[in-house]
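Scroll down for the structure; my scribbles are underneath it.
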Amino acid sequence: MELRVYNTMTDRKEVLVPMVPGKLGMYVCGPTVYDMSHIGHARVYVTFDVVARFLRSTGLEVCYVRNFTDIDDKIIKRANEEGRAAGEVSERYIEEFRKDMALLGVAPTDVEPKVTEHLPEIVALIERIIASGVGYVSGKDVYFSVRDHSGYGKLSKRRLDDLEAGARVDPNEQKRDPFDFALWKGAKPGEPSWPSPWGEGRPGWHIECSAMSARYLGETFDLHAGGKDLVFPHHENEIAQSEAGNGKPFARYWIHNGFVQIDNEKMSKSLGNFFTIRDVLQKVEPEALRLFLLSTHYRNPINFSDVALADASRRLDYIYETLAKVEERRAALPSEPGEGELLESARIAALGAGFNEAMADDFNTADAIGRLADGFALLNELCERPKTKDKALLARTLVAARAELLACGMILGLFTQAPGEYLLRRRTRLVAERGIDAAEVERQIAERAEARKRKDFAAADRARDALKELGVEIMDSASGTSWKVL
RNA sequence: GGCGCCAUAGCCAAGUGGUAAGGCAGGGGCCUGCAAAGCCCCGAUUCCCCAGUUCAAAUCUGGGUGGCGCCUCCA
């Protein structure tokens, strides 16, 4: 199947053709580890986790590199505030980041390079940039001379002359041109530093990604991704550095995700309207956040709200309730139903086919998730009103339909939990939140069962109403009465 | 000022030339002692407005209106 991706470089969807057939290298700009990650970070890493999973599902051997920026002004600032070493701060937040990612089902990437462990590569690249004539030393710093590099602005479609109006010059810097950017910053007192041909100092912000991507993926590689706000200047500068230093084209396809917004405004630290991943996970299951993030196409902005999150949560409950129902039904059917025909085979086949079609069109997770809806309806239908008395046939069909859905879910990193565990954890969480006495609920349900046995429906209904008052909803079925928190 | 994005039902959200996916909420039906859950059916003659191109436009072009982003650390 042809895989089409929207390439920021060309502003169109293009067929993704890896440089080396069967293999694909991808680099995603990772976090600067100076604080807890927010849901904007969650979106980026969930998005590209799904991209990597989908690419792998097509048979590509993917090498996914995502860095940690573990030395930077903000980290130093934080370290000074806390009276710690910069390394302590970055290590702490790397751990927190990994915890967040694990909760969200974001798989570790193949390589997670840290800037502080790649100084030799960085210094060597800066030397090559200087040698190529577009880098210059000024005082203790080294800068990239933007005007001496042809092609600067090709990703962001900016011309230097257009930038002029918004230019701001930091008087502390010794640039020849306001748009030049630092490759190397000479050490200031009390700052962490590393030796270099230009004296003690540390790398500029952009050079790390150029150096580390080349180290693990080669000087030219397939896919480079990140948040939309990195297009300029970060990615533009990476391109300039890499192409000037290596004399080769840099990344072949660029993909960028849209922002998470709050009340239709960008969420950011500077606006103070941001939620950390940890904040959100206090309130909902991590998987619900993941589902929410994937319910909008990655390039569009997504508006974060309690309502939207509740929608995703409800939908996820439906999915796990369906899967739990399938398990229960399955237990009453032949355990080895054998091979053979299926019910609704066309509908089942359409699930995976439709899903893949949507994903192959620029990773359209929103469309892809929509295509799965019929599969869950089918499972419910099969469980509640099977159109056959052939138990083996029913069992085969249930297994096949579920397998199809779970295979798609695996690519999204969704529906991967044991349904019973998910539902119990969710109920336990809600029970605690609402201060519901679970034993009391069970007692009232038992009483109601007695009343029903006596055909005293008035009493049974009173019991049900009483439970509803507590926020508990009950469901009668052949196998007894179950309950959930509303 | 420069560059760019977005506008689809009450809400969320796909769809980039061939006659509007999906979800939530709502209405009806089936099931149920009654419910709940589930399943089925119903819901935009229409895609911010105006003009144009075309046999055909939510989709393309031009012009508006409204919202947002980047150009400064930012995912």
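By convention in this document, chain letters (A, B, ...) are assigned in the order of the sequence lines, proteins followed by strands, and residues within each chain are numbered from 1.
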Which nucleotide sits closest to the side chain of A/Met475: B/rA36, B/rA75, B/rC73? B/rA36
Any N/O donor-acceptor pair, A/Arg385 side-chain to B/rC31 base, under 3.5 Å: no
Under 4.0 Å between any heavy atoms, over every strand shown, what does A/Arg452 touch: base, sugar-phosphate, or nothing? Just pick one. base
Write down the distance between CZ (A/Arg347) and C1' (B/rC40), rounded to a whole number of angstrom. 11 Å
With respect to the side chain of A/Arg158, which nucleotide from B/rG23, B/rC70, B/rA37 is positioned closest? B/rC70
Base, sugar-phosphate or nothing for A/Glu473? Non-hydrogen atoms, less than 4.0 Å. sugar-phosphate
Would you mind classifying the nucleic acid contact of A/Asp476 as base, sugar-phosphate or nothing, using non-hydrogen atoms under 4.0 angstrom? base
Of the nucleotides B/rC24, B/rG38, B/rA75, which one has an atom closest to the side chain of A/Leu230? B/rA75
As a test of reading the structure: which of B/rC39, B/rC34, B/rC70 is closest to the side chain of A/Ala377, going by heavy atoms? B/rC39
For the C1' atoms, the ones on B/rG4 and on B/rC11, what distance do you get once it is rounded to whole angstrom? 28 Å
Looking only at B/rA75, B/rG15, B/rC70, the nucleotide nearest the A/Tyr45 side chain is B/rA75
Is there a Watson-Crick or G-U wobble partner for B/rA75 with both distances under 3.5 Å, and if so, which one is it? none
Any side-chain donor paired with an acceptor under 3.5 Å for A/Tyr93 and A/Arg78? yes
Residue A/Asn380, side-chain atoms from C-beta onward, closest of B/rG69, B/rC39, B/rG15: B/rC39
Could you label the plane-to-plane angle of the A/Trp254 and A/His235 rings as parallel, tilted or perpendicular, counting under 30° as parallel and over 60° as perpendicular? tilted
Please determine whether a side-chain nitrogen of the Lys or Arg among A/Asp177 and A/Arg147 lies less than 4.0 Å from a carboxylate oxygen of the Asp or Glu. yes
Per atom distances to the A/Phe259 side chain, the nearest of B/rC40, B/rA75, B/rC71 is B/rA75
Ring centroid separation for A/Phe376 and A/Phe415, is it under 6.0 angstrom? yes
Per atom distances to the A/Trp205 side chain, the nearest of B/rA37, B/rC74, B/rG23 is B/rC74
Assuming nearest nucleotide by heavy-atom distance, tell me which of A/His38 and A/Tyr6 is located more 5' along RNA chain B. A/Tyr6
Ranking B/rU16, B/rA36, B/rC30 by distance to the side chain of A/Lys13, first place goes to B/rU16
Assign A/Lys74 to base, sugar-phosphate, or nothing according to its heavy-atom contacts below 4.0 angstrom with the strands shown. sugar-phosphate
Is the A/Phe97 to A/Tyr45 ring centre distance short of 6.0 Å? yes
For a quick check of understanding: with a heavy-atom distance under 4.0 Å over all strands, which category does A/Ser156 fall into, base, sugar-phosphate or nothing? sugar-phosphate
Has the side chain of A/Arg464 got a donor or acceptor atom sitting under 3.5 Å from an opposite partner on the base of B/rC34? yes
Can you tell me the base-pairing partner of B/rU53? Count Watson-Crick or G-U wobble geometry only, both distances below 3.5 Å, and say none if there is no partner. none
With a 4.0 Å cut-off, would you call A/Lys74 and A/Asp72 a salt bridge? yes
